[in-house]
Protein chains: 2
Amino acid sequence: MPEPLLRVPLDRTSPVPLYFQVAQQLEHAIEAGALPPGTRLDNEIQLADDYGLSRPTMRRAIQYLVERGLLVRRRGVGTQVVHAKVKRQVELSSLYDDLTAAGQRPTTQVLVNTVVPADGTVGTALGLPAGTAVVFLERLRLAGGEPLARMRNYLPTELVELPTAALEERGLYQLLRAAGIHLRVATQVVGARAATATEARLLGEARGAPLLTMSRTAYDDSGRVVEFGTHIYRASRYSFEHTLVGR
Amino acid sequence: MPEPLLRVPLDRTSPVPLYFQVAQQLEHAIEAGALPPGTRLDNEIQLADDYGLSRPTMRRAIQYLVERGLLVRRRGVGTQVVHAKVKRQVELSSLYDDLTAAGQRPTTQVLVNTVVPADGTVGTALGLPAGTAVVFLERLRLAGGEPLARMRNYLPTELVELPTAALEERGLYQLLRAAGIHLRVATQVVGARAATATEARLLGEARGAPLLTMSRTAYDDSGRVVEFGTHIYRASRYSFEHTLVGR
DNA sequence: GTCAATACTTTGTAATGACATATTGACGTA
DNA sequence: TACGTCAATATGTCATTACAAAGTATTGAC
């Protein structure tokens, strides 16, 4: 199958790496339907030649798309398009970011912003002895005027200043980033349970209504625990969606 | 910080790639605590030299661990250990595999194994016109003798033979793999809702009890839809756990 | 005509060399 | 002392080359 892709020439003066330029061009071609699922790409030597690149650079571009689930490669066979559109890799993002990306314009009510002694669960999650003072946030997140989630976060006190006004304007992760804290890894658990009376009232659901629960521990560049959160979402208005890539 | 790691020499005759051997050694050292979070590794040139490898190979080993969230690199600074233990990357696995890996010994009851016409939802998910005949499976998964999930799967008829006896012995994904079908990409949505009376009875929960829901569309090597499933899990006994890696 | 050995294609792994760029810290000067 | 500059250090990008291994197709023998 020939590839008469009209290609934008690469910009070697750009700070954007060549492999990334190529990967993006391919990704656009796939998303635009120019390379429908099942298409076999030329072999990497040929492609490298077409683009005027070396084979490692071309491989790197292809590898990037393989890892994102757009392409599949098999030795002796070739490279094929698997999937036209990837929702977005599971990534370390916040609810605020997700909603903003979806054009939802989220708002936040800060219910609690104080310092409390850590209980056992919070202590172990943050790697601090129980009883240590930690920042405790409780926030209500709304989208389109409707309550969506109640979020509870615990952070080490010395980490960053979090004024309530700022938290009503921006997401927690945005504020952390602005403070030069780079989140790198997180472990999270997603489950479900029934709403208590208080939770139901807050979220505008019936008592006993099913809620999605998510608890997350997020780590820094340097391995420090930055944040531990336990959140509840209205199951009627929210779900977690992502793309998995195998092998 | 020096690195007097006692290293197993690399096996150049092994079919296991050198970069992977190195990555595993580092991973073990990190998990064993020999390289606690925050440790700065030697620079990659030094490391390559220590192992007797070229820089690209050493880079590849490090890169692998960076992508899994164990290490962090910053240009001009160096490579640091972030996190000692990674739960397990979010991967394209089946409930059966997950339970087996956790040592739970799952069992399966096949409730329905038949061919039905696809309704609208199933049709669009599988990319077939509504009304097309598709294989319909309904299975009850138990762990430790207790019901855990009810799973409904829809598959194209021509894909593979799925005898009920085989489905009681093995997981669906195992059977697909055995038939030479390589799952590559999947998109899934995790939510929650209340159990209907029938569902509650089947799973041994009270009516209205919160359930975790997961629907997944899984794709082949070549981009074909292999399977569409809508599953419900007892929230009291199951949750989704994974590690996210940022940036 | 069938089956097995072989050749070819394509990706996978690895080494070597070169230059670019971000970061830190030290040094020197105002 | 404060600030800017520069050097040292580390990772990031890219090219070139060679060989290994897997999968497919072809060819040849029986």
Side-chain angles (χ1 to χ4, degrees), chain A residues 1-3 9-26 39-67 70-82 180 182 184 221-222 247, chain B residues 1-3 9-26 39-67 70-82 180-182 184 220-222 247:
Chain A
M1 196 169 290
E3 314 275 311
L10 301 177
D11 178 4
R12 281 179 179 271
T13 69
S14 159
V16 178
L18 293 173
Y19 77 88
F20 196 75
Q21 292 183 40
V22 174
Q24 286 209 316
Q25 279 191 32
L26 285 174
T39 313
R40 265 221 342 268
L41 263 56
D42 282 346
N43 71 62
E44 59 188 33
I45 310 215
Q46 184 61 50
L47 282 174
D49 214 55
D50 289 353
Y51 279 104
L53 294 172
S54 68
R55 183 155 85 114
T57 303
M58 193 64 223
R59 276 182 69 77
R60 191 161 174 189
I62 293 173
Q63 194 55 38
Y64 174 77
L65 296 177
V66 168
E67 270 153 23
L70 290 165
L71 298 178
V72 172
R73 329 192 67 187
R74 272 184 306 170
R75 171 170 1 186
V77 179
T79 305
Q80 268 184 309
V81 179
V82 199
H182 304 294
R184 252 331 178 333
D221 265 0
S222 49
R247 213 53 37 107
Chain B
M1 196 170 287
E3 314 275 308
L10 301 177
D11 179 3
R12 281 179 180 270
T13 69
S14 159
V16 178
L18 292 173
Y19 76 88
F20 196 75
Q21 292 184 41
V22 175
Q24 287 210 314
Q25 279 191 34
L26 285 174
T39 311
R40 265 220 344 266
L41 263 55
D42 282 346
N43 72 62
E44 59 188 31
I45 310 224
Q46 183 60 52
L47 282 175
D49 214 55
D50 289 354
Y51 279 105
L53 294 172
S54 67
R55 196 179 149 211
T57 303
M58 193 64 223
R59 276 181 69 77
R60 192 161 174 191
I62 293 173
Q63 194 55 38
Y64 174 77
L65 296 177
V66 168
E67 271 153 24
L70 290 166
L71 298 178
V72 171
R73 327 192 69 187
R74 272 184 306 169
R75 184 189 323 206
V77 179
T79 306
Q80 268 185 309
V81 179
V82 198
I181 297 168
H182 304 297
R184 252 338 181 325
D220 198 332
D221 266 0
S222 49
R247 213 53 37 105

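Just so it is clear, the values below take in all heavy atoms, side chains as well, and ignore hydrogens, waters and symmetry mates.
- Atom CZ of B/R12 and atom CG of B/L18 lie 5.0 Å apart (nearest 0.5 Å).
- As rounded to whole Å, 14 Å separates atom P of D/dT11 from atom CG of B/L65.
- Within 4.0 Å of A/R55, counting heavy atoms only, lies at least one base atom of the nucleic acid.
- Considering only side-chain N and O atoms, B/Y19 lies nowhere under 4.0 angstrom from the phosphate OP1 or OP2 of C/dA14.
- Between C/dT11, D/dT11, D/dT13, one nucleotide has an atom nearer to the side chain of A/P17 than all others, and that is D/dT13.
- Residue B/R59 has no polar side-chain atom (N or O) positioned under 4.0 Å from OP1 or OP2 of D/dT11.
- Rounded to an integer number of Å, the gap from A/M58 CE to C/dT10 C1' is 14 Å.
- Place B/P15 and B/G78 on DNA chain D by their nearest nucleotides, and B/G78 ends up nearer the 5' end.
- For the OP1/OP2 pair of C/dT11 and a distance below 4.0 Å, the side-chain nitrogens and oxygens of A/T79 include at least one atom meeting the criterion.
- C/dT24 atom C1' lies 10 Å from atom CZ of B/R40, rounded to whole Å.
- D/dC30 is paired with C/dG1 under the criterion used here, namely a Watson-Crick or G-U wobble arrangement in which both key atom distances are under 3.5 Å.
- Atom CG in B/D49 sits roughly 14 Å away from atom C1' in C/dT16 (whole-Å rounding).
- Taking the side chain as every heavy atom from C-beta outward, B/L71 and B/I62 approach each other to under 4.5 Å.
- The residue B/P56 sits close to a base: some heavy atom pair falls under 4.0 Å.
- Contact check, A/T57 against D/dT13: no side-chain N or O comes under 4.0 Å of OP1 or OP2.
- Atom CD1 of B/I45 is separated from atom CZ of B/R59 by 9.5 Å, given to the nearest 0.5 angstrom.
- Between A/R73 and B/G76, the residue anchored closer to the 5' end of DNA chain C is A/R73, taking for each the nucleotide with the nearest heavy atom.
- Rounding to the nearest 0.5 Å places CZ of B/R184 at 13.0 Å from CG of A/L70.
- Considering only side-chain N and O atoms, A/R74 lies nowhere under 4.0 angstrom from the phosphate OP1 or OP2 of D/dA22.
- Taking atom OH of residue B/Y51 and atom P of nucleotide C/dA14, one finds them 14 Å apart after rounding to whole Å.
- Checking the phosphate oxygens (OP1, OP2) of D/dG12, no side-chain nitrogen or oxygen of B/R60 falls inside 4.0 Å.
- Put simply, the side chain of B/E44 never gets that close to the backbone of B/M58: no donor and acceptor are under 3.5 Å apart.
- The distance from atom CG of A/L47 to atom C1' of C/dT9 is 15 Å, rounded to the nearest whole Å.
- A straight line from CG of B/N43 to P of D/dA8 spans 16 Å, rounded to a whole angstrom.
- Listed pair B/R75 / D/dG12 fails the phosphate criterion, with no side-chain N or O lying under 4.0 Å from OP1 or OP2.
- Atom-to-atom, CD1 of B/I45 to C1' of C/dT16 comes out at 12 Å; the value is rounded to the nearest Å.
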